[in-house]
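Down below is the structure, laid out as structure tokens.
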Amino acid sequence: MKKLMNKPSGFVDEMLDGLVSANPSLALSGETGRVVHRATTIRKGKVGVVSGGGSGHLPLFTGYVGEGLLDGCSIGNVFEGPTVGSCMEAIRLADGGQGVLRLYGNYGGDRMNFDMAGEMLEDEGIRTTTVLGNDDVASAGPSERQKRRGVAGIIYAYKTAGALAETGADLDAVTAIAQKTVDRTRTIGVALSPCQVPGSDKPSFTLGDNEIEMGMGIHGEPGIWRDQLKPADTIADEMIERLLADKPEGVGSRASILVNSLGATPLEELFILYRRARTQLEAAGITIVRPLVGHYATSMEMAGASISLCFVDDEIEALLAAPASCPFWTVTA
Amino acid sequence: MKKLMNKPSGFVDEMLDGLVSANPSLALSGETGRVVHRATTIRKGKVGVVSGGGSGHLPLFTGYVGEGLLDGCSIGNVFEGPTVGSCMEAIRLADGGQGVLRLYGNYGGDRMNFDMAGEMLEDEGIRTTTVLGNDDVASAGPSERQKRRGVAGIIYAYKTAGALAETGADLDAVTAIAQKTVDRTRTIGVALSPCQVPGSDKPSFTLGDNEIEMGMGIHGEPGIWRDQLKPADTIADEMIERLLADKPEGVGSRASILVNSLGATPLEELFILYRRARTQLEAAGITIVRPLVGHYATSMEMAGASISLCFVDDEIEALLAAPASCPFWTVTA
Amino acid sequence: MSVTVSSIAFAIARANEAMGPLEQVLNDADAKLGDGDTGGMLARVIGKMAEVDLSGAVDPGTALSQLAKAATLATGSSLGTLFATGLLAAGREAKGREAIDAGDLSDLVATARDAMIARGGASLGDKTVLDSLDAIADAVKDARTPDQAASAAAKAAADALEAFRSRPNRIGRARMFGDQTIGIDDPGMLAIRELTAALAR
Amino acid sequence: MSVTVSSIAFAIARANEAMGPLEQVLNDADAKLGDGDTGGMLARVIGKMAEVDLSGAVDPGTALSQLAKAATLATGSSLGTLFATGLLAAGREAKGREAIDAGDLSDLVATARDAMIARGGASLGDKTVLDSLDAIADAVKDARTPDQAASAAAKAAADALEAFRSRPNRIGRARMFGDQTIGIDDPGMLAIRELTAALAR
Ligand SMILES: Nc1ncnc2c1ncn2[C@@H]1O[C@H](COP(=O)(O)OP(=O)(O)O)[C@@H](O)[C@H]1O
Ligand SMILES: Nc1ncnc2c1ncn2[C@@H]1O[C@H](COP(=O)(O)OP(=O)(O)O)[C@@H](O)[C@H]1O
Ligand SMILES: [Mg+2]
Ligand SMILES: [Mg+2]
Ligand SMILES: [Mg+2]
Ligand SMILES: [Mg+2]
């Protein structure tokens, strides 16, 4: 796979350098050089919201640092968790005296690192809470929801927690809204072709010439089935069906939808998927609010798409509508 | 090449259906069903700004319909010009009584269609002017600049013409700022892998396993050279060098830069390119204003990137900063 | 005998029929040097023209203008727009005349040809439909009946295709291939040969 | 004889040397079922620890904590963070003691092992570094000198690797491959065997 890069060892640091120099609202800090945070210092009294994860998923994770979203983000090598040190630095920078929510995807490595960071910071008197994104319905059954991996749907929790934190809400409230948002968000992805970690000599997985995999994870974790490519409408139908079969208990009939490119899949194809998804949701009595279509959480040049549903209530819907601005997502009042 | 689509014959219409239903600020109209315009009707007295072109380049062209940008856009089949009929419809819908600027890329087919549409609308009493994007420095030498094709850089003219039109400026002024912006904008692209037109059984061109082509056009038009993949910094250096060698006469030292993915190339790689481009521009004494990095003008799943420079003056810089909002580009005051 | 609204309608219907087997042939010809859509495009354009109800057209000129408008809705490709341009120009010239005499056909084709040159910026000799039309304008000069004109046109279009085969394309997508286009038929010229042959049958 | 700050520094330096030829071997082992980075990661972590100036450390426990902190800056991978976790826990336990007796080593390794179980959520028997550490904790119980402990540890780590080869991985990336992991060495366990062998030399 051809990549526009220099040495693989510089991939992440050069990318971060470019990211923050192209976006003056962001700054890069820390002994590790792997913490992206808002260029302004945190407002005293504001609860901090931080995330983190491996590189290779832009706009995730660092791209969501901005007003009404994240305060900071620790970032690891490609598909590798952020270091404990960078997690600590991100949390410290996001602490305005009212504590910090750690909001990240449910991956073993990331959990270890954020947990360890949190424990080590307790000694410094920084209070932290944790909410784990676990929206990927393909990664475990409904009875083992806490084992599910986090994928694109986490941006809904970034948005609601970030918006509530801006209002001056306390750590418990910010944590609660993030948890509620995660609890109401479901995602499924379909992969059409793999990506390749810089420096690796082979792709992260292989698929046949005309083969796709339903439910594959964003690092190539095995999915639900492999089969020949099918028409977009057939694929959208199955994705929506699986999401609705996993609809959380007790939610209403309004949902936001995110149709996300895993990387190489162009906007044209996303809109073809969206069109069918919307039809199927409406047929199921669901009203779509604030649809999002685009590149929100990728795996570099992987081809494929994911669909997320966030079943809103009045509180979530209002927070999704609150102003927000980061390099890749702007919501205006 | 695997695509998330249904029948190739439905590709464009299904895509447009998805685009407008996901973006309530847009509407799809006309006997041809191939005109995207603002959902609100044009303000009486406002000059209209329309564009158009083939499908397969999202966010170009239809994605730039919105406040402070385009009023409407006619759109053709993939890599095929819009019909004369749809150009006429787009112009009619954008006419608020003060005339309409036709602002589109310099391709023979598109010119025929927009010219014919303009002539036929003269009878209806609609005044139109034309500005052609011709930013691709690889497509002809500086002495034949009027022959150059238009690529990603046209969005700068969308922005300035769109912003000036919102202020109530007249058609001559809007046309003049679009022309000035085009005259100060230069682009060069590098292709890493091809895309495939839906329904076609082969890619739009072929490149060797480790081969790239400098200067290739967005439909696969031949470029300047083909060679083995080089480090990103080497590629960025050559691109910036070629752009600066073609720097327009009499411009100052401030420029906006657009580092654009042709489709499959991920944000990570764009930021690696941006980082080096910035360094080289600064070394050449150029101050970067309002950098843009992302997917702004693509060729579906083509891998590669383009770099555009728009050499600003005070007027252009102020218009770039004016508020604007379309599905893929938001500028807030 | 002269060309009337109903003979125009008949000619379009016949061209539309002819496009059935032709579509793939023309696509294949275009695929060699272009984007392989000439056949599909022409089928769409002529199909759209065949749908037009010409019964209300007061004269042949108006009929040609109505057909031109239909074409502008059906395609954005070069050849389609050039067709529409030619029809529109010929229609304007003929407007008001109750019928078109066979002897007027040469001038009308020349008018269409010139409008298409003005629209597309190509020149005679670039190996395009223009060269076919130019040959036709010349060949139908002495035709006394529409049938004579049709046979002369078919022969001229066939001869032009032969004559230009050994020359390079100098316009459109094919131009990028330079001398590789020598020996290959231009899809637009091929289309004209086949359509005129169908009308002459 | 007992373990001092300077013998810790010496051990790290030796491990760092050993990583030279080991890096590729461990990457290759990880590539079979994981992401092929175990060697590169360990080289980075141990390299970073080797850079730490331990001369200011008041006791072995403090030295271990300083090494743990260095490790937390160098990697975000599972094994690296588990190493740091183990070192930190052992360091906390040893803090205040001027020296660590050979007889204390078993308890310290067990402390590290338990902290790593708590952090990573894996169990003994899952075919991970935990199983190597568990075997080492047991084997060094009766060691009188650091040298005896090193030999015993090396033998235990080698035996554990052999014993677990025929079992499946039940944690981490390798778990996705299920029974395909039977017959393949766990890269973390392989790393422990090689590093303890280097220390015993
Ligand atoms: N500028 C032009 N002037 C005259 N004829 C042209 C011009 N461009 C294209 N053609 C004719 O159109 C034919 C190609 O038609 P078509 O396949 O519809 O065009 P496109 O290149 O837009 O796909 C060519 O064979 C040529 O005869
Ligand atoms: N949760 C865990 N508990 C204990 N050991 C683990 C755990 N996860 C991974 N390991 C160990 O780490 C090794 C892999 O290390 P490394 O390649 O650095 O991890 P990664 O999978 O993050 O790339 C495995 O061979 C295993 O011994
Ligand atoms: Mg790893
Ligand atoms: Mg075409
Ligand atoms: Mg063609
Ligand atoms: Mg690994």
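Each chain gets a letter, A, B and so on, in the order its sequence line appears, and its residues count up from 1.
D:L88 touches chain A through its side chain: at least one heavy atom from C-beta onward sits under 4.5 Å away, while N, CA, C and O do not. Using a 4.5 Å cut-off between heavy atoms, A:M88 makes no contact with chain D at all.
D:M116 and D:L82 make their closest contact through CG-O, 3.3 Å (heavy atoms, listed as atom of the first residue, atom of the second, distance). The two atoms that bring D:L26 and D:P187 nearest to each other are CD2-O, 3.9 Å, heavy atoms only.
Electrostatic pairing of D:R193 and D:D185 does not count as a salt bridge here, judged by no charged N lying under 4.0 Å from a carboxylate O. Ion pair D:D159/D:K155 flagged as a salt bridge, since at least one NZ, NE, NH1 or NH2 atom sits closer than 4.0 Å to an Asp/Glu carboxylate oxygen.
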Find the N and O donor-acceptor pairs between chain D and chain A that sit under 3.5 Å apart.
| from | atom 1 | to | atom 2 | distance (Å) |
| --- | --- | --- | --- | --- |
| D:R44 | NH2 | A:E80 | OE2 | 3.3 |
| D:T72 | O | A:T83 | OG1 | 3.4 |
| D:T72 | O | A:V84 | N | 3.3 |
| D:T72 | O | A:G85 | N | 2.8 |
| D:G76 | O | A:N113 | ND2 | 3.0 |
| D:T81 | OG1 | A:N113 | OD1 | 2.3 |
| D:R119 | NH1 | A:E119 | OE2 | 3.0 |
| D:R119 | NH2 | A:E119 | OE1 | 2.9 |
| D:R173 | NH2 | A:F79 | O | 3.3 |

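Residue with the most contacts toward chain D among A:C87, A:A117, A:P222: A:P222 (heavy-atom pairs, distance under 4.5 Å). Residue with the most contacts toward chain A among D:A74, D:G76, D:A71, D:G40: D:G76 (heavy-atom pairs, distance under 4.5 Å).
Rounding to the nearest 0.5 Å places CG of D:L108 at 5.0 Å from CD1 of D:I100.
Contact check for A:L60 versus A:I155: side-chain heavy atoms found under the 4.5 Å cut-off.
In summary, the side chains of D:T145 and D:D147 do not present any donor paired with an acceptor at a separation below 3.5 Å, with no hydrogens or angles considered.
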Can you give me every donor-acceptor pair (side chain of residues 5-21 of chain D, partner residue at least two apart or in another chain, under 3.5 Å) with its distance?
| from | atom 1 | to | atom 2 | distance (Å) |
| --- | --- | --- | --- | --- |
| D:S6 | OG | D:T4 | OG1 | 3.3 |
| D:S7 | OG | D:T4 | N | 2.7 |
| D:S7 | OG | D:T4 | O | 3.0 |
| D:S7 | OG | D:T4 | OG1 | 3.3 |
| D:R14 | NH1 | D:R201 | O | 2.7 |

